Protein chains: 2
Amino acid sequence: MFEVLFEHIDKKITLTKEEENKLTPFFIPKKYRKRQYVLQQGDICKYIAFVEKGMLRSFQVDDKGNEHVIQFAPEGWWIADNYSFLTGSPSSYDIDVLEDAEVLLITQTALEEMLQAIPVMERYMRILMQNSLISMQNRIACTLGSNAEERYQGVLKALPNIAQRVPQHMLASFLGITPETLSRVRRQLLKNS
Amino acid sequence: MFEVLFEHIDKKITLTKEEENKLTPFFIPKKYRKRQYVLQQGDICKYIAFVEKGMLRSFQVDDKGNEHVIQFAPEGWWIADNYSFLTGSPSSYDIDVLEDAEVLLITQTALEEMLQAIPVMERYMRILMQNSLISMQNRIACTLGSNAEERYQGVLKALPNIAQRVPQHMLASFLGITPETLSRVRRQLLKNS
DNA sequence: CTAAAATCTTGATCTAAATCAATAAATTTC
DNA sequence: GAAATTTATTGATTTAGATCAAGATTTTAG
């Protein structure tokens with residue numbers, strides 16, 4: 001159950017076998033079924049989730065009822081409403097399951113204890129945040145400087161098989177365009193190749 | 001010179017007087033004049049900068065020569081091209097000075113040494129990254145779900161005096177709209193109040 | 001296996017914001 | 001303090017992408 005997490009950690013820092021063993025009890029392994037909610041708007045985000053298998057997604061529902069996909073989290077990704085998790089305020093996002101998933105949950109308290117018990121994990125968390133930051137910054141730069149087609153090509157590079165794994169209208173939402181526009185962009189790209 | 005930085009750190013963690021003293025030598029204090037470049041596209045970002053005074057900004061120039069403002073960094077903010085800084089690859093951003101500034105620079109190596117010497121700073125850096133991440137995520141959510149006017153109102157809340165401190169066309173660029181559109185949005189808002 | 005629900009495509013029309021253009025105001029520079 | 005440069009405003013026109021609408025295809029559930 002912890003294979004993907006250990007692999008992920010191992011890319012950034014080195015844990016001794018002992019530290020690895022100390023690590024696991026802080027997490028709650030959990031299985032989720034497709035379409036299940038993991039977090040609902042208004043709830044407090046009690047966990048950060050690491051996806052071992054399957055796919056989750058966070059999104060925001062606006063006043064007109066439109067969904068805006070914030071993040072896709074396939075295996076090897078972390079997902080949460082960081083703001084709610086950190087401040088304990090009600091979440092403005094929803095998180096749900098796109099493909100049956102196995103995740104590792106960790107609470108605020110367990111995280112703090114874990115960082116106390118295994119200080120090198122502070123470093124892992126820092127690097128993690130740093131990397132997320134970079135990809136967010138990149139996404140913002142794309143939104144500012146690129147049109148629908150360029151943004152679509154961009155996401156295909158970042159998440160190569162995402163178009164096969166999520167419904168097109170969710171990908172459209174993630175890109176900040178309508179499903180119709182994405183459909184037209186794809187037709188156009190197919191024609192030119 | 002370190003007042004603002006210490007204040008900023010103190011909001012997140014506690015440093016002993018001894019740790020504070022150990023901290024300062026890792027930084028290079030530097031003054032910059034308005035319009036000066038701090039980083040140019042293609043250069044490697046050797047420093048993360050903490051702004052003690054004044055204002056910096058990062059932006060990207062696209063193929064058509066249009067500037068896209070990624071971040072404004074007034075006093076109390078960190079700024080860098082994190083990707084270039086971390087990977088050592090050439091930067092795709094520029095950073096320049098909007099108001100005469102005093103900044104504290106820290107190199108990759110000095111940062112690593114600092115984190116070794118004062119381990120609690122790992123925590124500070126992690127929290128820092130986490131907070132940036134939250135505001136970036138929030139910005140993305142705004143870009144996806146809000147129109148020009150709502151986004152303008154949003155940035156006024158986040159950076160209350162930004163409209164007084166930076167030229168309107170830069171604020172427009174930050175919002176992902178043209179200066180003309182921002183001018184019209186502002187006229188509209190004035191009329192309705 | 002079939003009905004219902006969800007997803008995708010395509011066309012017609014509309015609209016928020018971009019672009020183009022010209023002038024005005026403010027700021028910087030020498 | 002006058003000229004040059006930068007910044008902001010306003011109007012006319014265009015356009016990328018949204019919205020509306022209807023049918024086709026695929027997936028899901030009983």
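Computed from a predicted model, the values in this text were never measured in an experiment.
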Original post:
Hey, which of these two, A:Arg186 or B:Ile177, hits DNA chain C nearer its 5' end, going by closest nucleotide?
Top reply: A:Arg186
Kindly give the atom pairs (protein nitrogen or oxygen, nucleotide nitrogen or oxygen) under 3.5 Å for nucleotides 24-30 of chain D.
residue, atom, partner, partner atom, Å
D:dT28, OP1, A:Lys34, NZ, 3.1

Separation of [X] atom [atom1] from [N] atom [atom2], in whole Å?
{"X": "A:Asn147", "N": "C:dT19", "atom1": "CG", "atom2": "P", "value": "11 Å"}
{"X": "A:Leu182", "N": "C:dT9", "atom1": "CG", "atom2": "P", "value": "8 Å"}
{"X": "A:Asn66", "N": "D:dT19", "atom1": "CG", "atom2": "P", "value": "7 Å"}
{"X": "A:Arg187", "N": "C:dT10", "atom1": "CZ", "atom2": "C1'", "value": "6 Å"}
{"X": "B:Gln188", "N": "D:dT9", "atom1": "CD", "atom2": "P", "value": "14 Å"}
{"X": "B:Gln164", "N": "D:dA8", "atom1": "CD", "atom2": "P", "value": "12 Å"}
{"X": "B:Glu149", "N": "C:dT15", "atom1": "CD", "atom2": "P", "value": "18 Å"}

Please determine whether a side-chain nitrogen or oxygen atom of [X] lies at a distance below 4.0 Å from atom OP1 or OP2 of [N].
{"X": "B:Thr178", "N": "C:dA18", "result": "yes"}
{"X": "A:Gln168", "N": "C:dT9", "result": "yes"}
{"X": "B:Ser183", "N": "D:dT9", "result": "yes"}
{"X": "B:His169", "N": "D:dT6", "result": "no"}

Subject >> Residues forming a side chain to side chain donor-acceptor pair (under 3.5 Å) with A:Ser146, sequence neighbours excluded >> reply: none
Original post:
Are A:Phe26 and A:Glu113 close enough that some pair of their side-chain heavy atoms sits under 4.5 Å apart?
Top reply: yes
Original post:
Are the side chains of A:Thr143 and B:Ile140 in touch, meaning some heavy atoms are under 4.5 Å apart?
Top reply: no
Check nucleotides 20-26 of chain C for protein N or O atoms closer than 3.5 Å to its own N or O atoms and list the pairs.
residue, atom, partner, partner atom, Å
C:dC20, N4, B:Glu180, OE2, 3.2

Original post:
When clusters are formed by joining ILVMFWY residues with side-chain heavy atoms under 4.5 Å apart, either directly or through shared neighbours, do A:Val4 and A:Met125 land in the same one?
Top reply: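 Result: yes, single cluster for both.
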Subject >> ILVMFWY network linking A:Met170 to A:Leu56, side-chain heavy atoms under 4.5 angstrom >> reply: no
Original post:
Crowded around B:Lys22 NZ? As in, over 12 foreign heavy atoms under 6.0 Å?
Top reply: yes
Subject >> Check: A:Arg126/A:Gln130 side-chain N/O donor and acceptor closer than 3.5 Å >> reply: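 Yes, a side-chain donor-acceptor pair sits under 3.5 Å.
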Original post:
So, for A:Phe174 and A:Phe72, is the gap between ring centers shorter than 6.0 Å?
Top reply: yes
**OP:** With side chain to side chain contact (heavy atoms under 4.5 Å, CB included) as the test, would you mind laying out the steps for A:Tyr152 and A:Leu189 before giving the verdict?
**Re:** CA-CA 10 Å; A:Tyr152 174 63; A:Leu189 287 174; 3.6 Å; yes
